[in-house]
2 protein chains.
Amino acid sequence: MSIASDLIRGHTDTIILAHLIEKDSYGYEINRTIQEKTGNVFEMKEATLYTAFRRLEQAGCITSYWGDENTGARRRYYSITAEGRKTYKNNKAEWETTKELIDRLI
Amino acid sequence: MSIASDLIRGHTDTIILAHLIEKDSYGYEINRTIQEKTGNVFEMKEATLYTAFRRLEQAGCITSYWGDENTGARRRYYSITAEGRKTYKNNKAEWETTKELIDRLI
DNA sequence: ACAATATACCTCGCCTGTCAATGTATATTA
DNA sequence: TAATATACATTGACAGGCGAGGTATATTGT
C-alpha cells in the first residue's frame with residue numbers, strides 16, 4: 001500500500017523539515033528514515049524529494065553543504081534555518097486544524 | 001483562516017461523496033453545507049467543485065439530473081452510485097491510514 | 001575478475017487538481 | 001431599480017508529484 005500522491009501533496013516539505021529539526025541530514029538518509037518510521041509503507045520518490053530541497057532552499061528554509069566523506073558517494077547535507085523552523089511550526093499547526101476539518105467532512 | 005489548497009487536494013471528491021451518501025444534493029447546497037459544518041472556516045471554490053462533479057461523473061461515482069423547481073434558479077442534482085460508495089469507503093480508509101502516517105512523520 | 005547491488009546525487013517533462021477570472025440566468029430585497 | 005442571493009459553468013494559468021532517465025563510487029556475491 002502506498003499513500004496517494006494527492007494525500008501526501010503539501011506534506012512533503014513539512015516531513016523534510018521535521019527530520020531536519022532533529023539533525024542535519026542528506027537526501028538518501030531522510031528517505032530511509034521515512035521508510036523506517038512508517039514500517040516500509042511509505043517512501044518519497046526521489047524526484048519529489050530533490051524538488052522539495054530546491055524549493056525549501058529557495059524559500060530560505062534550509063541551507064546545504066557538501067559532506068567531507070573520504071569514502072563512498074558524496075553527500076549533500078541540509079540544515080534547517082530559523083525561517084524553516086517557523087515554517088515547520090506553521091505547517092504543523094495547519095495540519096492539526098485541517099485534520100479536524102476533514103474528519104468532520106468525510 | 002483557510003485550508004491550504006495542497007492540504008485539501010485529494011479530499012474534494014471524498015467530501016462530496018460523503019455529502020451525497022446522506023442525500024441527493026446540488027452544488028450550491030453542498031458548498032453551503034461544507035461551510036456550515038466547518039463553522040464558515042472552509043468553503044470549496046466553485047471551479048474546484050464543478051470540476052470535481054465532472055470527474056466523479058466521468059468515473060461513474062455519481063449521476064446527475066435536473067431538478068424540477070418551478071421557481072428560482074435551476075439546480076442540477078447529483079446521486080451517488082454503488083461505485084461511488086465503494087470509492088468513498090476506500091478513500092476514507094486511506095485517509096485514516098494516511099493521517100496516522102503523517103502524524104508519525106511530522 | 002566482473003556483474004550486480006547499494007549508496008548517493010540530479011534533471012526534464014508530463015500529468016493532474018486547484019482556483020482566479022469570467023460569464024450566464026432567475027428571484028428576492030433594500 | 002440596483003444590489004444581492006441563488007445556481008450553474010468554462011478557460012487557462014500554476015504548482016507539486018513523479019516516471020524516466022542519467023552520473024558516480026563502494027561493496028558484495030559468484
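Letters go in sequence order (proteins before strands), and every chain restarts at 1. Bear in mind that the values here come from a model prediction, so they are computed numbers and not experimental data.
Every side chain to side chain donor-acceptor pair (under 3.5 Å) that B:Arg55 has, sequence neighbours left out, goes to B:Asp13. Judged as a side chain to side chain donor-acceptor pair (under 3.5 Å), and not counting sequence neighbours, the contacts of A:Thr14 are A:Asn91. Residues satisfying the side chain to side chain contact (heavy atoms under 4.5 Å, CB included) criterion with A:Thr63, sequence neighbours excluded, are A:Ser79, A:Thr81. Residues satisfying the salt bridge (Lys or Arg N to Asp or Glu O under 4.0 Å) test with A:Lys92, not counting sequence neighbours, are none.
A:Glu43 places none of its side-chain heavy atoms less than 4.5 Å from the side chain of A:Ile34.
For B:Thr48 and C:dG17, the shortest distance from a side-chain N or O to OP1 or OP2 is not below 4.0 Å. Of the side-chain N and O atoms in A:Arg54, none sit less than 4.0 angstrom from OP1 or OP2 of D:dG16.
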Pairwise N/O distances under 3.5 Å, protein to nucleotides 12-15 of chain D:
| residue | atom | partner | partner atom | Å |
| --- | --- | --- | --- | --- |
| D:dA15 | N3 | A:Arg9 | NH2 | 3.3 |

N/O-N/O pairs, protein side and nucleotides 3-6 of chain D side, under 3.5 Å:
| residue | atom | partner | partner atom | Å |
| --- | --- | --- | --- | --- |
| D:dT6 | OP2 | B:Tyr28 | OH | 2.9 |

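In this entry the distance linking CD of B:Glu69 with P of D:dA7 reads 8 Å, nearest Å. When the P atom of D:dG17 is taken as reference, atom CD of A:Glu43 falls 15 Å away, rounded to whole Å. Atom-to-atom, CD of A:Gln58 to P of D:dG16 comes out at 12 Å; the value is rounded to the nearest Å.
A:Tyr78 and A:Tyr26 have their aromatic ring centers separated by at least 6.0 angstrom.
Of the options B:Leu20, B:Ile62, B:Thr51, a side chain to side chain contact (heavy atoms under 4.5 Å, CB included) to B:Leu56 is made by B:Ile62 and by none of the others.
Between A:Thr71 and B:Tyr78, the residue anchored nearer the 5' end of DNA chain D, judged by the nucleotide with its closest heavy atom, is B:Tyr78.
With hydrogens and angles ignored, a donor-acceptor pair closer than 3.5 Å exists between the side chain of A:Glu46 and the base of C:dC10.
Picking from C:dT18, D:dT11, D:dC18 the nucleotide with the shortest atom distance to the side chain of A:Lys45 gives D:dC18.
Within 6.0 Å of CD on B:Glu69 lie more than 12 heavy atoms contributed by other residues, nucleotides or ligands.
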